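Indexing begins at 1, ligand by ligand and atom by atom, following the structure's order. These numbers come from a predicted model, not from an experiment.
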Amino acid sequence: MNILVINAGSSSLKYQLIEISKEEVLAKGLVERIGIEGSMLTHTAKGKEKLEIKEPMKDHKEAMGHVLHALTDKQFGIISDMSEINAVGHRVLHAAEKFSDSVIINDEVIAAIKECIKFGPLHNPANLMGIEACMATMPDTPMVAVFDTAFHQTMPKKAYLYGLSYDAYTEHGIRRYGFHGTSHKYVSQRLPKLLGKDKKDLKIITCHLGNGSSLAAVDGGKCVDTTMGLTPLAGVVMGTRCGDIDPAIVPHLMKEMNLNSEQMSDYMNKKCGVLGISGISSDFRDLDKASVEGNQRAKIAIEIFCYGVKKYIGAYAAAMGGVDAIVFTAGIGENNGALRAACVEGLEYMGVKMDEELNKNRGEMRISAADSKVEIWCVPTNEELMIAIDTFELCK
Ligand code: AMP
C-alpha cells in the first residue's frame with residue numbers, strides 16, 4: 001500500500017510517497033515559493049534522476065498537480081498512475097481538544113481544523129490548503145489528518161491547566177496543548193522496540209531538540225507532560241523562540257519597545273532564543289563555532305539551552321516518579337553529541353551516565369554507559385513514517 005505524506009506550509013509543500021509494508025520511501029520532494037515568483041519543485045524517486053521544475057505555481061492545487069505529474073512521470077516518476085496512491089496523510093498543526101488521535105478527513109474534520117486557526121494562525125490555514133489541493137486533485141483517495149497536538153491529549157489536567165482563571169480554559173480554550181507530537185510518538189514507540197520491552201513498562205523522557213525544541217514525559221506509552229504550551233513558543237529556549245518567560249515581561253516590553261501584540265508575538269517567535277541571546281545565529285553549528293572561537297554570547301546561549309533541557313529532564317523524572325530512558329532526536333538531538341552530553345551532565349546521581357565514546361557516533365544507538373541505570377538513546381525521528389503508519393491504520 002502506498003501512502004502519500006503531505007506537509008504543507010504557507011508557500012511550500014513537502015511530500016513523501018511511502019510503501020508501507022516495507023516502510024520504504026519511494027519518492028520525495030519539495031515545492032517552494034508557491035504563489036510567489038520563482039516557484040520550484042524538486043523531486044527524487046528511488047533509482048531515478050533528480051527532477052527540478054521551475055514554473056509559476058499560483059496555489060497549492062497547481063503545486064499538487066505538478067507533484068502528481070512528477071510521481072507518475074515515465075522518466076522521473078515511480079508509479080504509473082494516481083490509483084497507485086492508496087491514501088494521503090496530512091500533517092496538521094493544531095487540533096486543540098478536538099482530536100486525540102489521527103482521523104479520516106471529512107467535512108467535520110475540516111471545520112474543526114478551521115476552528116483551530118485561532119491557535120495556529122500560520123500553520124492551520126496552510127495545512128488546509130494542502131488538504132484542499134489534494135481533495136481537488138485526488139477526489140476519490142482517502143485522506144487522514146495527523147495532528148502535532150494529538151499525542152499530548154493524554155496529559156492530566158494538573159499538567160495542562162495554567163494558573164489562570166478557570167474561564168480562560170472553559171471560555172477561551174487556554175491550556176497546554178503541546179507540539180511535535182508526531183515526533184514524540186514515533187521515538188517513544190520506537191525505543192521500546194529497540195530495548196525489546198513493552199512500552200507500557202517504560203517511563204521515557206523524549207527530547208526533540210531542533211530549531212524548535214520540546215520535551216515530553218511519556219509514561220507507559222502515554223504523554224503525561226510536555227514543554228510547549230498553547231502554542232510552540234513555550235518551554236526551553238529555542239533557535240529563535242524565547243521559551244518560558246515571566247508573563248509580566250510581555251506588557252512591560254510592549255510598552256518599553258512600543259510594540260503592538262502582533263509585533264510582540266513576532267519578536268518572541270523570531271528574534272529571541274539563542275539567536276537573540278547570541279546575536280549571531282539560530283543554528284547551533286554556527287554557535288558552536290563562535291563559542292570555540294571565544295564568543296561569550298554564543299557560549300552563554302548554548303549553556304542556557306542545555307541548562308533548560310536538563311531542568312526539564314529533572315522535572316519530568318519527578319513528574320513520573322522515575323525515568324527508564326532518555327531519548328534525543330531532531331537536528332541537534334541526532335547530530336550534536338557535545339550538546340547531548342551537556343544536557344545530562346551532572347545527572348549521575350539520578351543514574352544517568354553518558355558513554356563519551358558512544359556519544360560521538362550518529363544514528364540510532366544507545367549512548368549511555370553500560371552501568372547507567374537510565375538508558376540514554378539517540379533515535380532519529382521520522383515524522384513522515386509515523387504519519388504514513390497512522391494513515392495506513394485508518395485506511396487499510
Ligand atoms: P531541525 O529543526 O530538526 O532541522 O534542527 C535544526 C538544528 O539542528 C540546527 O540548530 C542545527 O545546528 C542542528 N543540526 C542539524 N544538522 C546538524 C549536524 N549535522 N551537526 C550538528 N548540528 C546539526
Side-chain angles (χ1 to χ4, degrees), residues 5 7-10 12 14-16 25 28-30 32 42 91 93 122-123 126 148 151 178-188 190 206-216 226-228 231-243 269-293 295 297-309 327-344 354 356 358-365 367 377-387:
V5 175
N7 184 355
S10 55
S12 69
K14 268 195 249 167
Y15 63 94
Q16 282 193 9
V25 179
K28 61 179 170 183
L30 168 67
E32 292 165 281
T42 334
R91 181 179 190 175
L93 182 81
L122 297 179
H123 293 84
D148 260 28
F151 181 63
F179 298 87
H180 294 141
T182 311
S183 176
H184 289 292
K185 181 175 173 183
Y186 176 79
V187 297
S188 66
R190 178 81 188 139
T206 50
C207 310
H208 177 111
L209 309 181
N211 191 33
S213 294
S214 67
L215 284 82
T226 192
T227 56
M228 284 178 166
T231 75
L233 189 55
V236 293
V237 159
M238 300 173 225
T240 59
R241 297 187 194 127
C242 59
N269 273 289
K270 296 188 186 149
K271 298 186 182 123
C272 293
V274 292
L275 168 69
I277 299 164
S278 69
I280 291 178
S281 172
S282 61
D283 192 306
F284 279 79
R285 285 168 286 201
D286 300 334
L287 296 177
D288 275 343
K289 188 164 170 279
S291 172
V292 168
E293 288 164 3
N295 185 301
R297 274 171 61 186
K299 185 165 176 278
I300 194 68
I302 296 170
E303 281 176 12
I304 292 170
F305 175 79
C306 297
Y307 178 62
V309 173
V327 187
F328 288 98
T329 195
I332 298 161
E334 291 168 28
N335 295 300
N336 196 324
L339 255 78
R340 285 192 301 247
C343 291
V344 297
M354 193 75 103
E356 276 179 38
L358 290 178
N359 187 40
K360 285 181 185 155
N361 300 323
R362 282 198 183 147
E364 195 172 71
M365 60 190 173
I367 50 177
W377 279 73
C378 177
V379 177
T381 195
N382 196 337
E383 287 160 285
E384 290 79 11
L385 179 59
M386 192 73 248
I387 293 171

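Within 4.0 Å of ligand 1, the residues that place a heavy atom are Gly210, Asn211, Ser282, Asp283, Phe284, Arg285, Ala330, Gly331, Ile332, Asn335, Arg362, listed by chain and number.
A side-chain N or O of Thr329 and one of Glu334 form a donor-acceptor pair less than 3.5 Å apart.
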For this session: Using the side chain to side chain donor-acceptor pair (under 3.5 Å) rule, take Ser10 and His123 through it: C-alpha gap first, then chi angles, then the decisive distance, then the call.
Result: CA-CA 7 Å; Ser10 55; His123 293 84; over 6 Å; no

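Arg362 pairs by the salt bridge (Lys or Arg N to Asp or Glu O under 4.0 Å) definition with nothing, not counting sequence neighbours. Remark: Lys299 engages Glu303 in a salt bridge (Lys or Arg N to Asp or Glu O under 4.0 Å) (not counting sequence neighbours). When the salt bridge (Lys or Arg N to Asp or Glu O under 4.0 Å) test is applied to Glu384, no partner is found at least two apart in sequence or on another chain.
Using the six-membered ring where Trp is involved, His208 and His180 have ring planes that are parallel, under 30° apart on the 30 and 60° scheme.
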